[in-house]
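Written out below as structure tokens is the structure these notes cover.
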There are 4 protein chains.
Amino acid sequence: MKEDNNTNKKMSKSEENKLLKEGKLFEAAYDLFTSKGINNTAISEIVKKAGVAKGTFYLYFQDKYDIVDLIVVRKSNTILIEAMEEVIKSGNKGFVDSVIMFVDYIIEVLRHDKKLLKLIHKNLSWGLFDSAFRNIKQYDNARRIIYYFIDELEHEGITKDEAEKILFMIVELTSAIVYSSIILKEPDEIQNMKPLLYKTIRKIIQN
Amino acid sequence: MKEDNNTNKKMSKSEENKLLKEGKLFEAAYDLFTSKGINNTAISEIVKKAGVAKGTFYLYFQDKYDIVDLIVVRKSNTILIEAMEEVIKSGNKGFVDSVIMFVDYIIEVLRHDKKLLKLIHKNLSWGLFDSAFRNIKQYDNARRIIYYFIDELEHEGITKDEAEKILFMIVELTSAIVYSSIILKEPDEIQNMKPLLYKTIRKIIQN
Amino acid sequence: MKEDNNTNKKMSKSEENKLLKEGKLFEAAYDLFTSKGINNTAISEIVKKAGVAKGTFYLYFQDKYDIVDLIVVRKSNTILIEAMEEVIKSGNKGFVDSVIMFVDYIIEVLRHDKKLLKLIHKNLSWGLFDSAFRNIKQYDNARRIIYYFIDELEHEGITKDEAEKILFMIVELTSAIVYSSIILKEPDEIQNMKPLLYKTIRKIIQN
Amino acid sequence: MKEDNNTNKKMSKSEENKLLKEGKLFEAAYDLFTSKGINNTAISEIVKKAGVAKGTFYLYFQDKYDIVDLIVVRKSNTILIEAMEEVIKSGNKGFVDSVIMFVDYIIEVLRHDKKLLKLIHKNLSWGLFDSAFRNIKQYDNARRIIYYFIDELEHEGITKDEAEKILFMIVELTSAIVYSSIILKEPDEIQNMKPLLYKTIRKIIQN
DNA sequence: GATGAATGAGAATTCATTCAT
DNA sequence: TATGAATGAATTCTCATTCAT
């Protein structure tokens, strides 16, 4: 009698297996995309590396770009949450400093994972980000972080609308500098760009 | 000694022909890249549209990405120069205002040529820009513009090094906002982003 | 113990279910074959439309062509019987007129169900027809119709062998004209082909 | 000096080569289609057999069905012309006898080339036939044959319209009987079907 | 310089069928 | 009986690049 079929705690073997395969494909794709680039990675390589059949790929993903999006969103989500945890852990230190700490955490992560940085830079559009965070339960935490920042800016006497734009600008500016300075070393190393970036962020936030 | 190289007026027929073919290929590629995207444009389409043979393409360009770079650099160069001419034409109005006018001109051009914006956004890296402007005689004017801005910043008491970074930040911030607001309408239309952008540029330049 | 197995009225639940599933598959396949064509219909689509699992298909049918045959034979059988009923209902009017009435009924059905016509035309071979009608109890009525025609021809003084051939020729000629004139409108609409067809049938039967 | 480049008699080497490749592909495809069936023949097999690269196939044909059509039309054309030549060679013997001789010649060809018969039967639609013969210069002779028959029928006092239909009926009836009796041996061998078929053709033509 | 036929590796995708549950 | 995840062979088609003319 398979009575415990319905409980949340236990998964049927087939469900376990499903997750396993999807995970293997995810990991294989991530490794290949970051090391060889998306365009140079064939699905046949992904499945080979994952140790599954070609058809299996299409059981879980529509095509190559489907899995790219998934990777980018999941990884971004993870970093955001980790960054927020770091901020919280460090105790209250005023909004502006929190923002800078948050940004700094993300920069450090990406500085040490250049491949991820490249992948995110080329494939993370605001739209993708937005739609994933808006609609998918799994990304609740990331969404909350964004709303937290916007709320705080409102407390500084900025309208919600303006607050969103400011957040957007900080994100885009950071993103551009991070990519260019880490990957291209242009116009300078990230460590030498940070002071100016943080100064600029302060200027942007503070009226 | 290529003696007739110096005369401006006359070109040998074969040289004329050469420029003609290269120009046709350039135009055809530009049209196709902007309308169908780079990935979806095959070289066979470019040569067909240009009315030349397939092999001819390889006489002028290494591969597809070679011509992409060329298009992007040439078009950017043109816009920069036009923007500068506009600034000069309007007379002296202080450095900060000149910068904003310069930026505004570029934004307006791209606002009305979204296809070009897309092409530039996806394919204009600082590195490409830099190396083209540094090394190729043809882009002298654009290089001069950049040095002009850096000089001006130095006059404001900023070190040359810092000046370069500031310029870079303005460029990147503008670029990110232009693309996102014009193409994705996120977080808002470009017209509604401009005030914040210009305010931020002022903040960045002014100590 | 499955006691109610013997009664005609009641079927065991599993038997009911069996027929239900087979019926659903049959209907789904028929719809898809007629609307998308056989080659463009995948088994996965059939089972999806039928609302059963993929494996279930193989419980009832060997493969796609198995179900095609079944559909064609069943549908043809139905039409033949309806046509005969029509002839009988109209009372005795001589053999030749009966044949023409029979043919006419079938033409009218197919004229209003072009998709079925296409399916039958491409997949109804004399061999399939013959073997189904000879061997399967279910098609007793259709077989009787054929023998009735042959008997009648024999009464006209034609040998049984010759009679079969004549029947065959009428069927093939009708079939070719029906398809070509209804589907391709070539060489003319079916309504304009009918007089000549019926005239020819008369000529073929009458010595 | 390549003076003889323009003459009709000599072909440039590349043109010769082109015809050679196309011919090889044609032959390879014909062999494979007739021996294995169209559905079971992959393009990779065709090119392998023809000894050319895969891409070359797509230089000459759109896809598999493009070459099928070509094969069918060319082969049909050849047979029609041969049949007509036979009729002419045998001298004048009255229209009806000529028609029967014509039909008989075709039957004999197909009786000895069952594979071609299968291919033609499944893929020769009146539409294909018609459009090829109407539009392509190459098939002038076949078109003339058809018009010759229609003219002759008109001389028998039949309207042009009616004549076309009669021709169509003869073609379809013959085609159906040929296929069924040769391939399926149903309802009888072609030799035993011929008398009835020719009798019927006579009936159809003669008022 | 110019041509364009030929190449052939390789990419994406499909799908009938199996089989453990 | 019924399921549906997994398989992987098979297929079509593309396209950058070469090279003999």
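This is a predicted model, so every value here is computed, not measured. Letters go in sequence order (proteins before strands), and every chain restarts at 1.
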**Message:** When you measure from the side-chain N and O atoms of Lys21(C) to the phosphate of dT3(F), is any distance below 4.0 Å, counting only OP1 and OP2?
**Reply:** yes
**Prompt:** CZ/Phe61(A) to CG/Asp63(A) distance, rounded to the nearest 0.5 angstrom?
**Reply:** 11.0 Å
**Asked** Among Val68(A), Leu32(A), Thr34(A), whose side chain to side chain contact (heavy atoms under 4.5 Å, CB included) with Thr41(A) holds?
**Response** Leu32(A)
**Message:** Could you tell me if the side chain of Tyr60(B) sits less than 4.5 Å from the side chain of Ile67(B), heavy atoms only?
**Reply:** no
**Message:** Is the distance between the ring centroids of Phe26(B) and Tyr30(B) under 6.0 Å?
**Reply:** no
**Asked** Side chains of Ile71(A) and Lys75(A): does their closest heavy-atom pair fall under 4.5 Å?
**Response** yes
**Item:** More than 12 heavy atoms from other groups under 6.0 Å of NZ on Lys49(A)
**Value:** yes
**Request:** Count the heavy atoms of every other residue, nucleotide or ligand shown that sit under 6.0 Å from NZ of Lys122(B), and state whether that count exceeds 12.
**Result:** no
**Nucleic acid contacts of residues 28-39 of chain C, taken as heavy-atom distances under 4.0 Å to DNA chain F** = none
**Prompt:** Has Lys118(A) got more than 12 heavy atoms of other residues, nucleotides or ligands less than 6.0 Å from its NZ?
**Reply:** no
**Asked** Whole Å only: how far is the CG atom of Leu20(D) from the P atom of dA5(E)?
**Response** 15 Å
**Item:** Intra- and interstrand pairs of DNA chain E - dot-bracket, Watson-Crick/G-U under 3.5 Å, | marks other strand
**Value:** .||||||||||||||||||||
**Message:** Quick test of your reading of the model: are Lys36(B) and Glu45(B) salt-bridged, counting only N-O distances below 4.0 Å?
**Reply:** yes
**Asked** Salt-bridged, Arg74(D) to Glu22(D), with N to O below 4.0 Å?
**Response** yes
**Request:** Go through residues 41-70 of chain A and report each residue with a non-hydrogen atom lying under 4.0 Å from DNA chain F, sorted by number.
**Result:** Val52(A), Ala53(A), Lys54(A), Gly55(A), Thr56(A), Leu59(A), Tyr60(A)
